[in-house]
Amino acid sequence: MERKELLTRFYVNKDYDNLKQILSTSSSKQELDILARIYIEEKNYTTAAEIYNKIGMLYEFGRCQLLCGNIEETAHIWRSLKDDTPAVHWGCSLLEFINLYVINIPTFFQIRAFLEVDLDALLQAKLITYCENIANGAHLFAQNNPESYKFIGRVFVNNKYYELAELFLKKAKDVCYVDPEVHFLLAKCYLSQKDIKRAKDALKTSMEKGYGYYPAKKLLKEITH
């Protein structure tokens, strides 16, 4: 299957059932990677792990083991990797946060690339304790990337943990008041509490700081009518 069609059917059409049938007999590493991602989307982390192990994508294999809750197996896999990549450095640091024994704080770009994606995946996998431990290290992430509070808050908003989200977004507001998205996300928290006034105020601030920030403008219009 041509790459463009493959990516369209996966990302845009989400044609998972048909893709699983088509890709199950593939020998293409690229196609099997997409097959494994489908199983991750379906929360079948064990099958995804088997595919990644088979095609030698060992970082991803370890990540699936983590999503299965097999943290010791993940640590064994990741620490055996000789690849000196941002993903590997991030993964080993993430385990430290989960284990509440942090020695290596990830870099600005590692946090930007991986924190939000992995925290969301762990929430989807219902690994709540892991997520709590990661979120409790927000102040450490923020030493290297002040946007960390926003990243964590955005994950909680997207998963409808609004009370938790508000805690981190208020810290984000203290760090970077001029970020329009922070105020927009806070407005969503206030709306979950049915506090329309505070939501409107937050959206107006978002528009002011973001020069008419469109998502805030759109949401404000929706709750005004």
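Values in this document were obtained by computation on a predicted structure and should not be read as measured data.
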Response to the item:
Which of D84, T107, D83, N104 passes side-chain hydrogen bond (donor to acceptor under 3.5 Å, both in side chains) with H89? Answer is D84
Discussion item. Would K43 and L67 count as a side chain to side chain contact (heavy atoms under 4.5 Å, CB included) here? Give the steps.
Written reply: CA-CA 9 Å; K43 300 181 176 58; L67 294 174; over 6 Å; no
Practice prompt. Give, for atom CZ of F108 and atom OG of S148, the distance between the pair rounded to the nearest 0.5 Å.
Written response: 8.5 Å
Item to complete: Check whether any side-chain heavy atom of L123 sits under 4.5 Å from a side-chain heavy atom of Y161, and report yes or no.
Response: yes
Worksheet item: What are the two closest heavy atoms between K173 and L186, and how far apart are they?
Response: CD-CD1, 4.0 Å
Worksheet item: Does a sphere of radius 6.0 Å around CZ in R79 hold more than 12 heavy atoms from other residues, nucleotides or ligands, not counting ones at 6.0 Å or beyond?
Response: no
Discussion item. Does Y45 form a side chain to side chain contact (heavy atoms under 4.5 Å, CB included) with I40? I'd like the steps, not just the answer.
Written reply: CA-CA 5 Å; Y45 308 118; I40 291 173; 4.2 Å; yes
Worksheet entry | salt_bridge(K170, E166) N-O dist < 4.0 Å | yes
Item to complete: In plain terms, say whether E50 and K54 are close enough for a salt bridge, that is, a side-chain N and a carboxylate O under 4.0 Å apart.
Response: no
Item to complete: Flag the pair L6 / L19 as yes when at least one side-chain heavy-atom distance between them is below 4.5 Å, and no otherwise.
Response: yes
Worksheet item: Do we see a donor-acceptor contact under 3.5 Å between the side chains of N133 and N136?
Response: no
Worksheet item: Is there a donor-acceptor contact under 3.5 Å from the side chain of D195 to the main chain of R198?
Response: yes
Please tabulate, for the side chains in residues 111-122, all donor-acceptor contacts under 3.5 angstrom to protein atoms that are two or more places apart in sequence or on a different chain.
{"residue": "R112", "atom": "NH1", "partner": "E147", "partner atom": "OE1", "Å": "2.6"}
{"residue": "E116", "atom": "OE1", "partner": "R154", "partner atom": "NE", "Å": "3.4"}
{"residue": "E116", "atom": "OE1", "partner": "R154", "partner atom": "NH2", "Å": "2.6"}
{"residue": "E116", "atom": "OE2", "partner": "R154", "partner atom": "NE", "Å": "2.5"}
{"residue": "E116", "atom": "OE2", "partner": "R154", "partner atom": "NH2", "Å": "3.4"}
{"residue": "D118", "atom": "OD1", "partner": "R63", "partner atom": "NE", "Å": "2.7"}
{"residue": "D118", "atom": "OD1", "partner": "R63", "partner atom": "NH2", "Å": "2.9"}
{"residue": "D118", "atom": "OD2", "partner": "W90", "partner atom": "NE1", "Å": "2.8"}
{"residue": "D120", "atom": "OD1", "partner": "N159", "partner atom": "ND2", "Å": "2.8"}

Item to complete: Determine whether Y101 and L94 fall in the same hydrophobic cluster, where Ile, Leu, Val, Met, Phe, Trp and Tyr are linked whenever their side-chain heavy atoms lie under 4.5 Å apart.
Response: no
Practice prompt. Determine, for D33 against K29, whether the closest basic-nitrogen to carboxylate-oxygen distance falls under 4.0 angstrom.
Written response: no
Worksheet item: Can any side-chain N or O of N99 pair as donor or acceptor with the backbone N or O of L95 at less than 3.5 Å?
Response: yes
Response to the item:
Taking every heavy atom of V157 against every heavy atom of A165, the minimum-distance pair comes out as CG2-CB, 3.5 Å
Item to complete: Report the distance from atom CZ of F97 to atom CD1 of I103, rounding to the nearest 0.5 Å.
Response: 11.5 Å
Worksheet entry | Candidate pair E42 and K20, rule side chain to side chain contact (heavy atoms under 4.5 Å, CB included), full reasoning | CA-CA 11 Å; E42 295 179 341; K20 282 194 294 186; 2.9 Å; yes
Worksheet item: Are the aromatic rings of Y149 and H139 close, with centres under 6.0 Å apart?
Response: no
Worksheet item: Heavy-atom count around K209 NZ within 6.0 Å, excluding the residue itself: above 12?
Response: yes
Worksheet item: Are the side chain of E60 and the backbone of Y52 linked by a donor-acceptor contact shorter than 3.5 Å?
Response: no
Fill in: Rounded distance [0.5 Å steps], NZ in K150 versus CG in N145
9.5 Å
Discussion item. I'd like to know whether I98 forms a side chain to side chain contact (heavy atoms under 4.5 Å, CB included) with L66, so could you lay out the CA-CA distance, the side-chain angles of the two residues, the decisive distance to 0.1 Å, and finally the verdict.
Written reply: CA-CA 11 Å; I98 291 172; L66 181 61; 4.0 Å; yes
Practice prompt. Treat each ILVMFWY residue as a node, draw an edge where side-chain heavy atoms are under 4.5 Å apart, and state whether M57 and L7 are in one component.
Written response: yes
Practice prompt. Identify the two heavy atoms, one from L169 and one from C189, that lie closest to each other, and give their separation to 0.1 Å.
Written response: CD1-SG, 3.9 Å
Discussion item. Once rounded to the nearest 0.5 Å, what's the spacing between atom CG of L81 and atom NE2 of H76?
Written reply: 10.0 Å
Worksheet item: Should K14 and E41 be marked as a salt bridge (Lys or Arg N to Asp or Glu O under 4.0 Å) after you check the CA-CA gap, both sets of side-chain angles, and the distance that decides it?
Response: CA-CA 10 Å; K14 301 188 185 301; E41 289 294 320; 5.7 Å; no
Worksheet item: Is a salt bridge present between E222 and K218, judged by a nitrogen-to-oxygen distance below 4.0 Å?
Response: yes
Worksheet item: With a 4.5 Å heavy-atom cut-off, do D15 and F10 have their side chains touching?
Response: no
Worksheet item: Nearest heavy-atom pair of A48 and A36: which atoms, and what distance?
Response: CB-O, 3.5 Å
Practice prompt. State, without any angle test, whether E72 and Q65 hold a side-chain donor-acceptor pair at a distance under 3.5 Å.
Written response: no
Worksheet item: Quick one: are S26 and L35 in side-chain contact, heavy atoms under 4.5 Å?
Response: no
Practice prompt. Following the transitive rule for hydrophobic clusters with a side-chain heavy-atom cut-off under 4.5 Å over Ile, Leu, Val, Met, Phe, Trp and Tyr, establish whether L185 and L164 coincide in one cluster.
Written response: no
Discussion item. Tell me if a side-chain donor or acceptor on Y130 pairs with a main-chain N or O of G69 at a distance below 3.5 Å.
Written reply: yes
Practice prompt. Could you pull out the closest heavy-atom pair between F168 and A138, with the gap in Å?
Written response: CE2-CB, 3.7 Å
Worksheet item: Counting distance only, does the side-chain N/O of S206 pair as donor-acceptor with the main-chain N or O of A202 below 3.5 Å?
Response: no
Worksheet item: Is the ring centre of F151 less than 6.0 Å from the ring centre of F141?
Response: no
Item to complete: Any chance you could measure I77, atom CD1, to L58, atom CG, to the nearest 0.5 Å?
Response: 7.5 Å
Worksheet item: Is there a donor-acceptor pair closer than 3.5 Å between any side-chain N or O of H183 and the backbone N or O of D201?
Response: no
Worksheet item: What distance do T46 atom OG1 and I51 atom CD1 have between them, rounded to the nearest 0.5 Å?
Response: 11.0 Å
Worksheet, complete the sentence: Closest non-hydrogen contact found for I223 with K200 is CD1-CG, 3.8 Å
Worksheet item: Linking I/L/V/M/F/W/Y whenever any side-chain heavy atoms sit under 4.5 Å apart, do Y190 and V182 land together?
Response: yes
Discussion item. In this structure, would Y59 and F109 fall into the same cluster of hydrophobic residues linked by side-chain contacts under 4.5 Å?
Written reply: no
Worksheet item: Do the rings of F184 and Y213 sit parallel, tilted or perpendicular, given the 30° and 60° boundaries?
Response: perpendicular
